[in-house]
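Just so it is clear: chains get the letters A, B, ... in the order the sequence lines come, proteins before strands, and each one is counted from 1.
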Amino acid sequence: MIRTLLIDDEDLARSVIKNFLKDYPDVTIVGEAANGFDGLKQIQENAPDLILLDVQMPKLNGFEMLELIDPENRPMVIFCTAFDEYALRAFEQNAVDYLLKPFTRDRLLEAVGRVVQQQSENNAEKKEAVSKTVNELRTAGGPLDRIVVRQGTRIIIIPVDEIDHIQAEDDYVSIHTGGKKYLRQMTMKHLEEALPPDQFARIHRSHIVSVRMIDRLEAYSKDSYLAVLTNGEKLPVSRSGYQTLRGILGF
Amino acid sequence: MEHPLTGKAIYLYILIWSLVISVHALLLHQLYSFDFFVCLTDAGLYYIPLAGFGLSLFYIVRYFRASKGYALNHIIAHLLSAFFVAVGVSYVWRQVMHSIYTDESMQAYINSNFTWHAVSGTLLLILLLMFYYLMENTYRLRERENREKSLESLLRDTEMEMLRFQINPHFIFNSLNSISALTMEDPPKAQEMVIRLSEFFRNALGKNREASHSLREELNQIDLYLQIEKVRFGDRLLLVNEIEEKCLDLLVPALILQPIYENAIKYGLYENLEPVEIKTIITCSEAGVTITVSNPYDSMAQVRKGRGIGLKNVRSRLELMFHIPDLVTIARSKDQFTAELYIPQTTHDQNTAD
């Protein structure tokens, strides 16, 4: 039995799926969520095997929601979308299951059937493909404009304009904004590529800084500098970081 | 370009040469007191061939204007052609005159006048050449202007067409998905939605649609759109209207409000969890109608992508139609977005917009 959660902000879109799956013996619908926040909560509470996830939702879209789930505990996903060229290309390339709205009952059952089959096999590969797709898609439409983080049960949306600097901490990064600090599982490399390149500079192996925060640069040793931020914090600048800054700030 | 001296212009040409001939003959008559008939023969024998060759000089002008090369070469070529024609005609004139008037005094007169004829003929032909040049240039200028104008209007038409039809594909497919759901749950409502959607597209896609229609028609079209969204989002979408009845018959560009409401839906409804109120206020005067549409929006969670394209289109369309900038004003507070359109009611501008 596949325990399934529906996440879509439109009642009618969820009711299509409910109707289609009504007589399908392998699937039982354990819940419905009308937005990403509720979806996240229900995933924690109900631990579904499968989610049917709408991509376009208010505040927290489908991809952002998935990012907040630990990949280890992430259910299998079938994406649902009406129209999104970027997404479709990424889904195709990574062989991730998706449904194009409106879809037929057969198309839905086929996608679910594939998931049932994969559940009996080892599906680590599939999860990897989904993670990869989500990563790709978060930056496909241009540089990142917001980052979502989770603090306990709260979900915080940080506009990138408000980020002061980001520091690497093992598998995590800490995002510093206006004196607050948020942890998120993410790589510096991914962030460096995804943040707007005219606003952020990777100044060190473990530091990305928002250029608007830089007050001045101080010589530290023969080959390295310190960036002094407007709030008084000091960050190390490596030699290649110095070159990056020169490129952005033009000195 | 055609020869400028065709049709009525040729009579003017003949008239001018006739004048030249008369003046010349009169002068001769005064100076040498020849018989008037002799003077006329003298002038006619010279100027009539010159006028004839003069007509053909235009083709030289046209040939050189069409070919590329240095202006100096052209000038020299023209001067030379004028000179040779004048000398040639003078020579023929001398020969003919010699054969007619064989007495010695006349022969001497003819010989002494040969140079004088060649020079004045050259000058006259140069004048003619300059006239041809002038005509050629005005013609070219006008031609270029026409071409630019037609290109501009062509561009404007395409641009208008593109600006007019900017319907979000999400809207189309999500609406179809809603219909798909309704066919199972509530078939009559599904049918209603299909009809509404058809009507919406019929109006939006209509090829022979007018560039402008009444505000009433515009609001009907918008209502179709909003009612479809209401089926999708139910009670989450609240519509509040404050519309002055007398404005409804005023003219507005067709579908000008569509992108405004699409934005309101996209950033208001699609990006909010709570119910969303879209408020429309319409007031008007003789001079124009003011349409204000406001919707709540979340400045924090706002997605940057694609913002402002719809509004930019509305702005360009209004500017193309009325040749007045800034007919769209935007006001943003922390949680409210307001777009205000002013649509002038000058009948003249409405006409040129077609």
Side-chain angles (χ1 to χ4, degrees), chain A residues 8-20 22 33-39 54-61 63-64 80-88 99-105 107-108 138-148 155-162 196 199, chain B residues 166-187 189-190 192-194 197 227-237 262 264-276 295-309 334-335:
Chain A
D8 196 310
D9 60 330
E10 285 180 52
D11 289 348
L12 286 171
R14 295 195 304 273
S15 83
V16 175
I17 299 174
K18 274 188 293 183
N19 256 311
F20 281 164
K22 209 163 46 192
N35 58 60
F37 301 98
D38 194 24
D54 185 22
V55 171
Q56 204 197 27
M57 286 187 297
K59 308 273 190 203
L60 193 66
N61 70 35
F63 302 129
E64 287 167 330
C80 304
T81 182
F83 179 88
D84 193 333
E85 282 165 274
Y86 290 121
L88 295 186
L99 295 168
L100 264 183
K101 293 177 187 176
F103 43 82
T104 59
R105 183 167 190 265
R107 181 74 184 77
L108 174 67
R138 286 280 281 132
T139 51
L144 219 54
D145 52 15
R146 60 190 192 196
I147 294 178
V148 282
I155 289 153
I156 292 147
I157 296 167
I158 310 169
V160 297
D161 297 344
E162 289 173 19
Q199 283 180 47
Chain B
Q166 293 277 349
I167 290 162
N168 187 350
H170 267 119
F171 164 71
I172 303 172
F173 293 111
N174 279 317
S175 303
L176 290 172
N177 196 45
S178 302
I179 293 171
S180 165
L182 286 171
T183 50
M184 291 180 281
E185 287 197 347
D186 190 349
K189 203 163 181 196
E192 197 184 311
M193 181 110 163
V194 168
L197 203 61
Q227 291 307 324
I228 292 164
E229 291 287 14
K230 221 167 153 52
V231 170
R232 289 177 54 201
F233 292 97
D235 300 335
R236 280 228 300 118
L237 175 58
E262 262 181 41
I265 293 282
K266 191 169 167 195
Y267 300 117
L269 195 63
Y270 291 178
E271 284 294 327
N272 261 302
L273 302 172
E274 302 80 33
V276 164
N295 62 274
Y297 91 116
D298 183 349
S299 53
M300 289 285 284
Q302 189 67 277
V303 201
R304 221 189 320 227
K305 291 156 208 158
R307 198 190 297 171
I309 291 177
K334 198 168 179 301
D335 55 1

How many angstroms lie between CG in A:Asn35 and CG in B:Asn272, if you round to the nearest 0.5 Å? 11.0 Å

B:Ser175 OG to A:Glu10 CD distance, which is reported to the nearest 0.5 Å: 8.0 Å

Could you pull out the closest heavy-atom pair between B:Arg236 and A:Pro58, with the gap in Å? NH2-CG, 4.5 Å

If you compare all heavy atoms of B:Phe173 against all heavy atoms of A:Lys101, which two are closest, and at what distance to 0.1 Å? CB-O, 3.8 Å

Closest approach of A:Met57 and B:Glu271, non-hydrogen atoms and distance? O-OE2, 4.5 Å

Hey, could you give me the CG/CG distance between B:Asp186 and A:Leu12, rounded to the nearest 0.5 Å? 9.5 Å

Starting at CG of A:Asp54, measure out to CG of B:Asn174 and round the result to the nearest 0.5 Å. 7.0 Å

Nearest heavy-atom neighbours spanning A:Phe103 and B:Asn177: N-OD1, 4.4 Å

What closest approach, in Å, do B:Ala181 and A:Val16 show between heavy atoms, and which atom pair accounts for it? CB-CG2, 3.0 Å

Pairwise distance CG(A:Asp9) to CZ(B:Phe233) - rounded to 0.5 angstrom: 5.0 Å

Quick check: are there more than 12 heavy atoms from other residues, nucleotides or ligands sitting under 6.0 Å from NZ of B:Lys230? yes

dist B:Glu185:CD -> A:Lys18:NZ (nearest 0.5 Å) comes out at 7.0 Å

